[in-house]
*Asks:* 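Mind having a look at this structure? Questions to follow.
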Amino acid sequence: MIRPARRRPLVALAVGALAVTVLAGCSPWLFPSPDAASTVEPTSTPTGETVDPSLEGYYSQSLTWDDCGQGFVCSTATAPLDWSNPDDGQTIDLALVRHPASGSKVGSLLVNPGGPGASAFDFVRQSVDFAAHPDLQQEYDIVGVDPRGVGRSSAISCLDDKQADAFFFDILPGQRGSQEWQDALRKSSKTFADACAANTGPLLEFIDTESSARDMDMIRALLGDDKLNYLGYSYGTSLGAHYAGLFPDKVGRMVLDGAENPESTSFDLTLTQAQGFESALKAYLESCTEESDCWFQGSADDGLKEVQGLLAQVDKNPIPNEDGRQLGSSSLLTAIMDPLYSESLWSDLDYMFESVKEGEAGAAFTLVDDYYSRSSDGTYYDNLIQNFNAITCADYPVTTDPAVIAQQNEQLIAASPTVGPYWTYGDIGCSVWPYPSRAVPGPITAAGSQPILVVGTTNDPATPYVWAQALASQLENGHLITYQGEGHTAYNTSSCVDDVVSAYFLDGTVPSSDPQCTS
């Protein structure tokens, strides 16, 4: 299964020693004066546009905004559970937070941080200056909407904290890839799927990205905007691209940073992402060789071999942690991935590798817990990873042919010798999902849309640069903005990208060619 293509600063809520390093590079969480909310109209006036009669009740509702503190206002919208059958009476709630424009308002700017499964509400409410720079806040209301299944909206519910620990950390019996191991993985996945179905109910069938994109169009109309202005990061680019494909005439100014490729299958995504993390890991190792106290000796290729050796070692003999968990290869790989989202976090890997070499698991689990949104007391402060699994199963058809799976496994290991061996058999998890995916991967052209900027970072591990190239070329009016650098997404990392994005949102300026940003 593909790994979450996340907006790394989302995990800035992490507690303990790691919190300082995670916050490095993020804008401070500054809030405007509480007085700001007092000037906001208490209700929003919908656009009143003509829609199908079955949708009129949804598109004409008035949003009531309540002061939710620190200059933010909050509201709840109602959407049909099933957009293909809106008259059946089943509905869901969508939670919104809005940061009112500080100057002369030109419209709303919806922001989504990724996942899938991350809270856009929390992203805007807790780090508005990171979600959208202050210059954009002058002219736009910055709006975060938790997608269906997520956060404060009608949400997915699967496992309690103890069950989540078992799902994420229990060591599967048997040798990796053996029938015993596959059967155990299938059993664990079935337990998770059954829990999601039992605890979530009918919503679980309708958490796909296309349904969320349709929710976004309703929200646009309820905010009173004729066009959707949108800034999507990581998986948020998939939401934006699907919106553009469904409603090209409703696209306003749209920026997709850290793009996903809508024509990719689940295996295509897994393969490319494994290569992306392999490349980022090698870049980190090359950087380490320049330090006198690097934890390994030799070249970056020597470092890769040592990492491969550590993964094989803990796969065979997991390292016990003081809280009872055991550090196996899956958890160690997660610990490696977590700091690769941002070059500013690479130093976390130095200490982690040193400690694992000494037979200690604590530093690795600190990084793993950061990735899984797990606090030191064993509680989870969000359901991002559970949501990610559920939405991914809704979005991607599975492969079950053993011959095809075997061929894919060989291809994955050959393309990514370090990461690939631990991402094989990924479709087992979704093969037991109660609702087979109805999605059909394919290119999105959004014919007739306004210009859409697609931002790609050349060594982004989570959303590799080739995906941005692919999406920009698919879109009829797509424009690629390249950042030559490391890490996941480029806005807030590259001043050059920041300038391009600001000029586009504020003035409608579209670069005549790719600026090839280097700083």
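Both backbone and side-chain heavy atoms feed into the values below; hydrogens, waters and symmetry mates do not. All residue numbers in this chain count up from 1 along the given sequence.
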*Asks:* Is it true that Asn492 and His133 share a donor-acceptor pair across their side chains at a distance under 3.5 Å?
*Replies:* yes
*Asks:* Between Leu136 and Leu109, is any pair of side-chain heavy atoms under 4.5 Å apart?
*Replies:* yes
*Asks:* In plain terms, say whether Lys282 and Asp301 are close enough for a salt bridge, that is, a side-chain N and a carboxylate O under 4.0 Å apart.
*Replies:* yes
*Asks:* How far apart are the C-alpha atoms of Thr379 and Asp161, what are their side-chain angles, what is the distance that settles it, and do they pass the side-chain hydrogen bond (donor to acceptor under 3.5 Å, both in side chains) test?
*Replies:* CA-CA 6 Å; Thr379 60; Asp161 293 337; 4.9 Å; no
*Asks:* Mind checking whether Ile156 and Gln386 have side chains closer than 4.5 Å, heavy atoms only?
*Replies:* no
*Asks:* Without swapping roles, check the side chain of Ser329 against the backbone of Val314 for a donor-acceptor pair under 3.5 Å.
*Replies:*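 Side chain of Ser329 to backbone of Val314, a donor-acceptor pair under 3.5 Å: no, none is there.
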*Asks:* Do the side-chain N and O atoms of Gln137 and Asp129 include a donor-acceptor pair separated by under 3.5 angstrom?
*Replies:*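 Yes, side-chain donor-acceptor contact under 3.5 Å.
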*Asks:* Without hydrogens or angle criteria, can the side chains of Gln275 and Ser416 be said to hold a donor-acceptor pair below 3.5 Å?
*Replies:*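 No - no donor-acceptor pair under 3.5 Å links their side chains.
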*Asks:* With rounding to the nearest 0.5 angstrom, report the SG to CZ distance, Cys158 to Phe192.
*Replies:*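 One gets 4.0 Å once the value is rounded to the nearest 0.5 Å.
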*Asks:* If we only count heavy atoms from C-beta on, is the Thr457 to Tyr465 side-chain gap below 4.5 Å?
*Replies:* no
*Asks:* Checking side-chain polar atoms at under 3.5 Å, does Gln484 have a donor or acceptor matched by the opposite partner on Thr518?
*Replies:* no
*Asks:* Using every non-hydrogen atom in the two residues, find where Tyr380 and Ala164 come nearest and quote the distance to one decimal.
*Replies:* CE1-CB, 3.7 Å
*Asks:* Counting only heavy atoms not in Lys357, do more than 12 fall under 6.0 Å of its NZ?
*Replies:* yes
*Asks:* Measuring from Gln469:CD to Asp514:CG, what's the distance to the nearest 0.5 Å?
*Replies:*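 The CG atom of Asp514 is 9.0 Å from CD of Gln469, to the nearest 0.5 Å.
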*Asks:* Is there a side-chain contact between Tyr371 and Phe168, using heavy atoms and a 4.5 Å cut-off?
*Replies:* no
*Asks:* For Asn261 and Gln474, does a side-chain donor sit closer than 3.5 Å to a side-chain acceptor?
*Replies:* yes
*Asks:* With the side chain counted from C-beta on, respond yes when Pro318 and Ser331 share a heavy-atom pair under 4.5 Å apart, and no when they do not.
*Replies:* no
*Asks:* Report yes or no: does Gln326 contribute a side-chain atom to a donor-acceptor pair with the main-chain N or O of Pro320 at less than 3.5 Å?
*Replies:* no
*Asks:* Distance alone, cut at 3.5 Å: any donor-acceptor contact between the side chains of Asp499 and Ser502?
*Replies:*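 No donor-acceptor contact under 3.5 Å links the two side chains.
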*Asks:* Going from SG on Cys496 to OH on Tyr483, what distance comes out if it is rounded to the nearest 0.5 angstrom?
*Replies:*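 It is 9.5 Å, given to the nearest 0.5 Å.
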*Asks:* Is Ser494 reaching over with its side chain to a backbone N or O of Ser519, donor-acceptor style, under 3.5 angstrom?
*Replies:* yes
*Asks:* Between Tyr233 and Phe123, is the gap from one ring center to the other below 6.0 Å?
*Replies:* yes
*Asks:* Is the NZ or CZ atom of Arg176 positioned over Tyr422's six-membered ring, under 6.0 angstrom from the centre and within 45° of the axis?
*Replies:*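 No; the conditions do not both hold, so Arg176 does not lie above the ring face of Tyr422.
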*Asks:* Can you tell me if Tyr230 uses its side chain to pair, donor with acceptor, with the backbone of Gly236 under 3.5 Å?
*Replies:* yes
*Asks:* Counting N and O atoms only, with roles assigned by atom type, does the side chain of Gln163 sit under 3.5 Å from a partner on the main chain of Asp160, one being a donor and the other an acceptor?
*Replies:*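 Between the backbone of Asp160 and the side chain of Gln163 there is a qualifying donor-acceptor contact (under 3.5 Å).
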*Asks:* Does a side-chain N-to-carboxylate-O contact under 4.0 Å join Arg325 and Asp369?
*Replies:* yes
*Asks:* Check whether Asp257 reaches the backbone of Thr489 with its side chain - one donor and one acceptor, N or O, closer than 3.5 Å.
*Replies:*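 Answer holds: no.
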*Asks:* Less than 4.5 Å apart, any side-chain heavy atom of Thr289 and any of Leu285?
*Replies:*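 No. Closest side-chain heavy atoms not under 4.5 Å.
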*Asks:* Just wondering, are more than 12 heavy atoms of other shown residues or ligands nearer than 6.0 Å to CZ in Phe167?
*Replies:* yes
*Asks:* Within the distance-only criterion (no hydrogens, no angle test), does the side chain of Asp315 pair as donor or acceptor with the backbone N or O of Ala312 below 3.5 angstrom?
*Replies:*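 Absent.
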*Asks:* So, for Leu345 and Pro339, which heavy atoms are closest and what is the spacing to 0.1 Å?
*Replies:*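 Closest pair (atom of Leu345, atom of Pro339, distance): O-CB, 3.3 Å.
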*Asks:* Could you check whether any side-chain N or O of Asn409 sits under 3.5 Å from a backbone N or O of Thr424, counting only pairs where one atom can act as donor and the other as acceptor?
*Replies:* no
*Asks:* Is the shortest distance from a Lys or Arg side-chain nitrogen in Arg186 or Asp183 to a carboxylate oxygen in the other one below 4.0 Å?
*Replies:* yes
*Asks:* Roughly how far apart are Asp122 CG and Asp146 CG, rounded to 0.5 Å?
*Replies:*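 Between Asp122 CG and Asp146 CG, I get 6.5 Å after rounding to 0.5 Å.
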*Asks:* Does the side chain of Ser347 pick up a donor-acceptor pair with the side chain of Asp350 at under 3.5 Å?
*Replies:*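 No, no side-chain donor-acceptor contact under 3.5 Å.
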*Asks:* Do Ser355 side-chain atoms and Met352 backbone N/O form a donor-acceptor pair below 3.5 Å?
*Replies:* yes
*Asks:* Could you check, using the six-membered ring where one of them is a Trp, whether Tyr425 and Trp181 have ring centers closer than 6.0 angstrom?
*Replies:* yes
*Asks:* Are any of the side-chain heavy atoms of Val255 and Val455 separated by less than 4.5 Å?
*Replies:* yes
*Asks:* If we check side-chain contact (heavy atoms from CB on, under 4.5 Å) with Glu260, which of these qualifies: Leu239, Leu471, Thr209, Thr463?
*Replies:* Thr463
*Asks:* Under the 3.5 angstrom rule, does the side chain of Lys190 hit a backbone N or O of Trp433 as a donor-acceptor pair?
*Replies:* no
*Asks:* How long is the straight-line distance from CG of Asn383 back to OG of Ser373, given to the nearest 0.5 Å?
*Replies:*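 Answer for the OG-CG pair, Ser373 versus Asn383, is 8.5 Å.
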*Asks:* Hey, could you give me the CG/OG distance between Leu271 and Ser266, rounded to the nearest 0.5 Å?
*Replies:* 11.0 Å
*Asks:* What I'd like to find out is whether the side chain of Glu278 reaches to under 4.5 Å of the side chain of Leu304, using heavy atoms alone.
*Replies:* yes
*Asks:* So, Tyr372 versus Phe169, ring centres under 6.0 angstrom or not?
*Replies:*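 So the answer is yes for these two rings.
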*Asks:* Can you tell me which residue among Asp382, Asp165, Asp338 is in a salt bridge (Lys or Arg N to Asp or Glu O under 4.0 Å) with Arg374?
*Replies:* Asp165
